[in-house]
Amino acid sequence: MASYLARRTGYMLLILLISSVVIFYALRSAPGGPSGGGVLSPLSSQEVRQAYEKRLGLDQPVYTQYFIYLGHLARGDLGTSLVNGSPIVELLATHARNSLVLGLTALLISYVIAIPLGVLAAVKRNTWIDQLAMGGAILGMGIPNFWLALILVYFFSLRLGWLPSAGCCDPPQLIMPALVLAAEGTAVTMRMTRSSMLEHLRDDFVRALRAKGLPEWEVIIRHVLRNALIPVISLTGLRLGWLVGYALIVETIFRWPGVGYLLVDSVLRRDYPVAQFFSLLLIFFVLIANWLADIGYGLANPRIRVA
Amino acid sequence: MSRSEIALEVKDLRTTLFMRDGNVDVVRGISFRVKEGETLALVGESGCGKTLTALSVIRLLPDPPARVTQGQVLLAGEDIRHVPEHEMRSLRGDAISMVFQEPLTSLDPVFTIGDQITEAITAHRKVSRQEARTLAAEILREVQIPSPEQRLKDYPHQLSGGMRQRVMIAMALVLDPKVLIADEPTTALDVTIQAQILDLIRAEQERRRLAVLLITHNLAVVSQVADRVAVMYAGEIVEEAPASELFANPRHPYTQGLLSSIPSAAGDRKHLYTIPGRVPDPRALPPACLFAPRCPYAINRCWNEHPGLVATDGHLLRCWNPQPFTALQAVEPGRVDPSVAASE
Ligand SMILES: Nc1ncnc2c1ncn2[C@@H]1O[C@H](COP(=O)(O)OP(=O)(O)O)[C@@H](O)[C@H]1O
Ligand code: SF4
Ligand SMILES: [Mg+2]
């Protein structure tokens, strides 16, 4: 287990290193740049621009910039935003918190909806309950996020006026982005729970448990669900990874000031230090999520824990 | 025999599979009794309906497609076929228990042995977790599992197949049931372990005066533990007798065939008899005697009239043309009367 963890960690660092190079070059090869309309006014003179680039070191070769950046990171200096001069550490504190609130709410919503419905659909297989749940799942997976967001905003904000259409950070403002972010994961988790339940309902031990005289709900919830959740739990890591991707869209649509919103905004404005740091942060988050998924799988499954 | 001594009685049980392409009876009017302290072996080739008989008794049939469509199941004289499910549940594991064929997969892999035994106890008795745990350790000790307190903390995959089957037996017995159904309890185990498990069942049965319904396709197992034997073929009982009588004087050609196909210790395997043909498909049964297509003694009547189960001196037989046992051994291995084969 220790050597496995060491290998996993080394692999994670390698991916981070490679990603940092790719991100660094990709940002700088995009047209524009901080001096070309991103931060400075497009009307600024050539001289002003050159002076600006020189001050930031942007006139140096990209690899030199890269190593300077790594040096700063190694000293714990994350830099400041080119747009408004805020230290990135401060941006991190506020935006990461907002993203976590949104992401965890979405995850919670999706599990609270998906697992009971998945269990119900499996136990009531081929009844209208099952068909309704699975129909919902197909919708949840089929509708693109932005489309769902527009529909929700149209009904709940414009038509009914029940919820604010965007902004942060009151609970009413959280509801719609969290629902949109949860939609696809809910659908996937529900289908996965259902099929995993169906698989384990056929296990020999189910009949043996009934033969002991256990109440049916105990057979289903305590035993079958417990077994069925193993693959569902291991999916959580992947789901956290997807959430990161969707968060870019959802936070932008709902102007929810999280990491995704900040990242999209900083890339559009060519705010290099912010864009660099937060894209690396998201990659790091995805890697950690997958790592946690592995550990979670082991914890849920005693056969792996010992092996 | 007083009624109270009969722990389990099955009367004219019929179990039907409701399939898309038609309904088929897989258990066809079976009756038997098991007394306290007695082992009745239900023997027959794979697919003849033994497991479905057992599941009909304990009411755990896979429904759909299987359902009991006729007959009675009496547990200590009480008909349990129609009791409400919650009452049936309180009988399972308490008054009547079952041990299954696959000790490898009959335990939930994600719970410890201790959890699984204690939940069997707390499902029926109002006892504290600690008391249940103590009971669990005691029953493990009783079924000769070494260091039981340690084993309570083990997960199923940490135990061998034989140990797991001991755990299953312990779990089945922990509430001291009157009836134990053991469905091929040793089939999945090594031969040496098989004998130990059979000894254990026998010992527990004597100590607790259990009524045991032992289901097996293996006559060697039967000779080790059974008091009486019922031979099943294609969903029917074709012969039933005390074990000693059945082994000394098998009368049904099917029973004779099964006995002749057991390799003896002397091991003359080359001339071992094999029953020709296969168990009939329940959807396409022969018209009268279900064994006729495979029977070396089939006569015309066997194809026209279904033989009834007839008792002579406590030996039940369903056959129109029984022959002495020795006759079969003269039949060449794997050969049947050509007239029979032709009419198949
Ligand atoms: N769930 C099921 N669905 C369809 N057919 C079944 C099912 N269970 C058993 N059967 C059929 O019923 C017959 C009897 O099965 P079973 O009682 O398991 O036989 P045995 O235990 O004697 O080997 C077999 O032909 C088997 O194929
Ligand atoms: S009734 Fe006829 S066919 Fe059937 S077992 Fe007896 S002799 Fe054979
Ligand atoms: Mg069977």
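What's counted below: heavy atoms across the whole structure, side chains too, no hydrogens, waters or symmetry copies. In what follows, every chain begins at residue 1, and chains take the letters A, B, ... in the order their sequences are listed. Please read all numbers here as calculations on a predicted model, not as lab measurements.
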CZ (Arg210(A)) and CG (Leu55(B)) are apart, to the nearest 0.5 Å, by 11.0 Å
Nearest-0.5 Å distance, CG of residue Leu107(B) to CG of residue Asp203(A)
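Here the interatomic distance stands at 12.0 Å.
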So for atom [atom1], which belongs to [X], do other residues, nucleotides or ligands contribute more than 12 heavy atoms lying within a distance under 6.0 Å?
X         : atom1 : answer
Tyr11(A)  : OH    : no
Arg125(B) : CZ    : yes
Arg59(B)  : CZ    : yes
Glu87(B)  : CD    : yes

Under 4.5 Å heavy-atom distance to chain A, tell me which part of [X] shows up: side chain, backbone, both or neither.
X         : answer
Pro62(B)  : both
Met88(B)  : neither
Asp115(B) : both
Asp94(B)  : neither

Here the pair of heavy atoms bringing Ala208(A) nearest to Ser106(B) is CB-O, 3.3 Å
key: Cation over ring face, Arg207(A) and Phe100(B), 6.0 Å, 45°   = no
| Contact check, side chains of Glu119(B) and Arg222(A), non-hydrogen atoms, under 4.5 Å |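 Contact flag for Glu119(B)/Arg222(A) side chains = yes.
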Of the listed Met98(B), Met168(B), Gln116(B), the one with the largest count of heavy-atom pairs under 4.5 Å with chain A is Gln116(B)
Arg92(B) side-chain N/O to Lys212(A) backbone N/O, donor-acceptor pair under 3.5 Å: no
